[in-house]
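Single-structure report; data block below.
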Amino acid sequence: MSPSPHTREGWGSRIGVILAVTGSAVGLGNFLRFPGKAAQYEGGAFMIPYFVALFLLGLPIAWAEWSLGRYAGNRGYNSLPGIFRAIWKSRAAPYVGALGILIPVVIYMYYVCIEAWCLAYAFKTATGSLSLGLEKAAYVQFFSGFIGLAGDGDVLTFPHGFWNSAIPYLLVCFLVNFVIIYRGIAKGIESFCRWAMPALVACALIVLVRVLTLGTPNPAIPDQNVLTGLGFMWNPHWGGTTLWQSLGNANMWLEAAGQIFFSLSVGFGIIACYASYLKPDDDIALSALTATAGNEFCEVALGGLITVPAAFIFLGAAGVKDAAGSTFNLGFMTLPMIFDCMPLGRLVGTAFFLLLFLAAITSSLSMLQPAIALLEEGLGLGRRASVSLLGFITAVGTALVIYFSKNAAALDTMDFWVGSVCIYVLATVHVILFGWVLGAERGYAELQRGAEIRIPRVFIFIIKYVSPLYLLAIFVLWLKQNAASYARQMTQDPVVATTVGFILLVLLLFLLLTAQSVRRWNRMGLPRGMEDRP
Amino acid sequence: MTPGGWLIMILSVGFVTTLFGWCIVKVLRTPEATRHLHSQADIEPPDAKTNP
């Protein structure tokens, strides 16, 4: 008797599946962005909107995106404008879907810079040039000089020579990304990263043990110890603010939801694009849940216990708040100090930053796929021509981020308007399309097709009523509290205005490409708005 | 670290660890997991496959 397919599949392959699913979800958001946001909004208080957003938005929308993508993919569409057209009959549908091209492309523009910092920090930790002792000012000054926080264009003046600047690392990262995607060898890299990710988690666990055993590194400042560091991260309120005052901040709710979306890659348009390549009976329910769980483990249990407590111990409350003013800075200013005061710190630090760089590469590669799918669908270009055109567009955006480096203004503007606000808007569109246009019951049936777990039916109620109302309420409250100040910032700060203008220009380009795609789909007679609904 | 801080930390870390552990067990018990479960990592767009 021949063995059943069940017995033929070894445990090694199944563990490989877990590593692949988890590895694809882990990225810079877990170890660098999350601690920055948590520190900015006082840790414990931030965790409340964070977990509320995970249950009511992140996980339901992840399931919705996988379902929408697989549904539309089986009808011939792969890019988000096409996916929206397959579900929503309105002529506006593909143009709304253009947001799902804009978001990953713009995020790529600054994400690749942070990727380059990881690579540089890996190299500099390995060579010992980041062993600067326990003086926090030295690390802050190093990072500030390295990315040009003091003035616009500083990075391009090469005060310490070209090879000591961020530029060579950036060029390497840009080249690596595009060569991999141009030559179509992303799968090989992903297979490698499948085994690199557990190493990243192992490194993070070693670092975690070191942070929790730091005690009071500077006896002159006894208040900066492990317990107060953990308290800064997890206490429901800190300093003079009460928990209720913190929870009344609409910005915190928006940013908590934004962080969930960013780290789960929900609302980017990426999940739907990849799901469109699945077969109709592939599981999406357990796959999405496992990716979410792995991501949350890395973010909360590792990222939350390492960076913020360590930053507090070394920088103090005021220093953490200053560093957290720009989202990604905190980890780069703090982690080298931990590595410098631990046994084999140079080895662990090098491995940690290198593995973080690899995790970032897998994420940035996936950010390019939605735009490639649109260029191929819309202009009928081959993969290589699409990749070349996309390379040019992203290079212009990255140059903008590099040049306007004063206080990381361009990076933060892109991260806020695209990495938080646009993601938020696109996630809302996904919820409405799934719950109201495709229909929650029909969507639920699509999600359950081939599923390895049974999703509770309360999901239908959440995705149809709770998620949209929740998204809408926070957005309205946020607009009420902040619209005036953001409008003022745009008129008064030329860097912010230039960056927002650039984002709008890129959006215009993708809208034109979408228009071209629509003409092509019409000629091909592809179905629109569930025309093939049984 | 206040009692509220300990509570939030234990609940948060405990919850994400338990959920991840449950998912691992579930995947390990899934027949034909490699064929049936997917992530962005193993989904290869068809145009990338045919690229010379």
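Throughout, a chain's letter reflects where its sequence line sits, starting with A, and its residues are numbered from 1.
- For the atom pair CD1 (A/I453) and CH2 (B/W22), the distance works out to 5.0 Å, reported to the nearest 0.5 Å.
- Neither the backbone nor the side chain of A/L302 comes within contact range of chain B; no heavy atom of the residue lies under 4.5 Å from a heavy atom of that chain.
- Looking at heavy atoms from C-beta onward, A/W234 lies out of side-chain contact with B/L11 at the 4.5 angstrom threshold.
- Of all heavy-atom pairs spanning B/W6 and A/L227, the tightest one is CZ2-CD2, 3.7 Å.
- For the atom pair CG (B/L19) and OG1 (A/T290), the distance works out to 8.5 Å, reported to the nearest 0.5 Å.
- Here B/I8 is the residue among B/V13, B/T18, B/I8 with the most heavy-atom pairs under 4.5 Å with chain A.
- Using a 4.5 Å cut-off between heavy atoms, A/N78 makes no contact with chain B at all.
- The shortest heavy-atom contact between A/E452 and B/K26 is O-CE, 3.9 Å.
- Only the side chain of A/F51 comes within less than 4.5 Å of a heavy atom in chain B; its backbone stays farther off.
- Contacts of A/I284 with chain B are absent, with no heavy-atom separation under 4.5 Å from either backbone or side chain.
- Taking every heavy atom of both residues into account, A/P236 and B/G4 meet most closely at CD-C, 3.7 Å.
- Closest heavy-atom contact between B/T30 and A/L286: OG1-CD2, 3.7 Å.
- To the nearest 0.5 Å, atoms CE (A/M233) and OG (B/S12) are separated by 7.5 Å.
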